[in-house]
J.: 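I have a structure I would like to understand better, so I am pasting it below and will then ask my questions one at a time.
Given the structure is predicted, the values throughout are model-derived calculations rather than measurements. What you see below is based on every heavy atom in this structure, not just the backbone, and it leaves out hydrogens, waters and symmetry mates.
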Amino acid sequence: QCQQTLKCSADTDCWCMTLPNILPISESSGCVCRACLIKNIRNYIEDIKNKPMKEQLALARPYQNDTQFIEGIDYDMENGLLVMSRWAHLKRGKCCGNGCRHCPYK
């Protein structure tokens with residue numbers, strides 16, 4: 001998508017398997033670089049906003065125990081501050097009550 005050369009040397013496990021496996025096959029464009037895959041995942045998370053909360057939580061539930069947070073999916077850095085994303089809040093499974101900018105539980 002970004003026209004960068006993709007070099008994948010995955011014989012058994014690909015780096016992409018460290019990212020949430022949530023994109024439907026119909027929305028996949030095959031192998032893409034890490035930055036493009038993160039962008040595609042993030043766009044998909046934004047696109048499901050209008051689905052019932054129960055469906056959104058079910059999508060995030062398998063990832064709620066992930067201790068590795070991924071920049072661009074779980075958080076962004078803004079002016080040196082860590083800003084949690086909608087996905088991070090969905091993975092938490094409930095509102096923390098801090099009035100977070102990307103809280104899906106409003």
J.: CG of Leu23 to CG of Asn40: how many Å apart, nearest 0.5 Å?
T.: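 One finds 6.0 Å between CG of Leu23 and CG of Asn40.
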
J.: Ignoring hydrogens, what is the shortest heavy-atom contact between Leu57 and Leu90? Give both atom names and the distance.
T.: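 Closest approach of Leu57 to Leu90, heavy atoms only: CD2-O, 3.7 Å.
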
J.: Rounded at 0.5 Å granularity, tell me how far CZ in Arg92 sits from SG in Cys100.
T.: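 Spacing of CZ (Arg92) from SG (Cys100) equals 6.0 Å.
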
J.: Looking at Asp76 and Arg42, does any basic side-chain N land under 4.0 Å from a carboxylate oxygen?
T.: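 Salt bridge flag = yes for Arg42 with Asp76.
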
J.: For Lys49, what residues pass the salt bridge (Lys or Arg N to Asp or Glu O under 4.0 Å) criterion, not counting sequence neighbours?
T.: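 By the salt bridge (Lys or Arg N to Asp or Glu O under 4.0 Å) rule, Lys49 matches Glu46.
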
J.: Would you sort out whether Thr18 and Ile70 count as a side chain to side chain contact (heavy atoms under 4.5 Å, CB included), showing the intermediate values?
T.: CA-CA 9 Å; Thr18 63; Ile70 301 165; 5.5 Å; no

J.: Kindly state each residue pair satisfying side-chain hydrogen bond (donor to acceptor under 3.5 Å, both in side chains) with at least one member in residues 55-71, sequence neighbours excluded.
T.: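 Output for this query lists Gln56-Arg86.
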
J.: To the nearest 0.5 Å, tell me how far His89 NE2 sits from Asp74 CG.
T.: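 One finds 10.5 Å between NE2 of His89 and CG of Asp74.
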
J.: Same cluster or not: Leu37 versus Phe69, using hydrophobic residues (I, L, V, M, F, W, Y) connected whenever any side-chain heavy atoms lie under 4.5 Å apart?
T.: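 Each belongs to a different hydrophobic cluster.
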
J.: For the residue pair Leu59 and Ile45, establish whether any side-chain heavy-atom pair is separated by less than 4.5 Å.
T.: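 No; the side chains remain at least 4.5 Å from each other.
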
J.: Take Met77 and Leu82, measure what side chain to side chain contact (heavy atoms under 4.5 Å, CB included) needs, and give me the verdict at the end.
T.: CA-CA 5 Å; Met77 294 303 295; Leu82 187 136; 4.1 Å; yes

J.: If you take all heavy atoms of Lys94 and Tyr105, which pair is closest and at what distance?
T.: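 Closest pair (atom of Lys94, atom of Tyr105, distance): N-OH, 3.3 Å.
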
J.: Nearest 0.5 Å, please: how far is SG in Cys36 from CZ in Arg34?
T.: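 If I round to the nearest 0.5 Å, the distance is 12.5 Å.
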
J.: Any chance you could measure Trp87, atom CH2, to Tyr44, atom OH, to the nearest 0.5 Å?
T.: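 Reported to 0.5 Å precision, the distance equals 9.0 Å.
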
J.: So if you build clusters from Ile, Leu, Val, Met, Phe, Trp, Tyr with side-chain heavy-atom gaps below 4.5 Å, do Ile38 and Ile22 land together?
T.: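 Same cluster: Ile38 reaches Ile22 through Ile, Leu, Val, Met, Phe, Trp or Tyr contacts under 4.5 Å.
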
J.: Let me check something: do Ile48 and Ile73 share a hydrophobic cluster, defined by ILVMFWY side-chain heavy atoms less than 4.5 Å apart, either directly or through other members?
T.: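 The answer is yes; both residues are in one hydrophobic cluster.
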
J.: If I take atom NZ from residue Lys91 and atom OG from residue Ser85, how far apart are they, to the nearest 0.5 angstrom?
T.: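 Rounded to the nearest 0.5 Å, the NZ-OG separation comes to 8.0 Å.
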
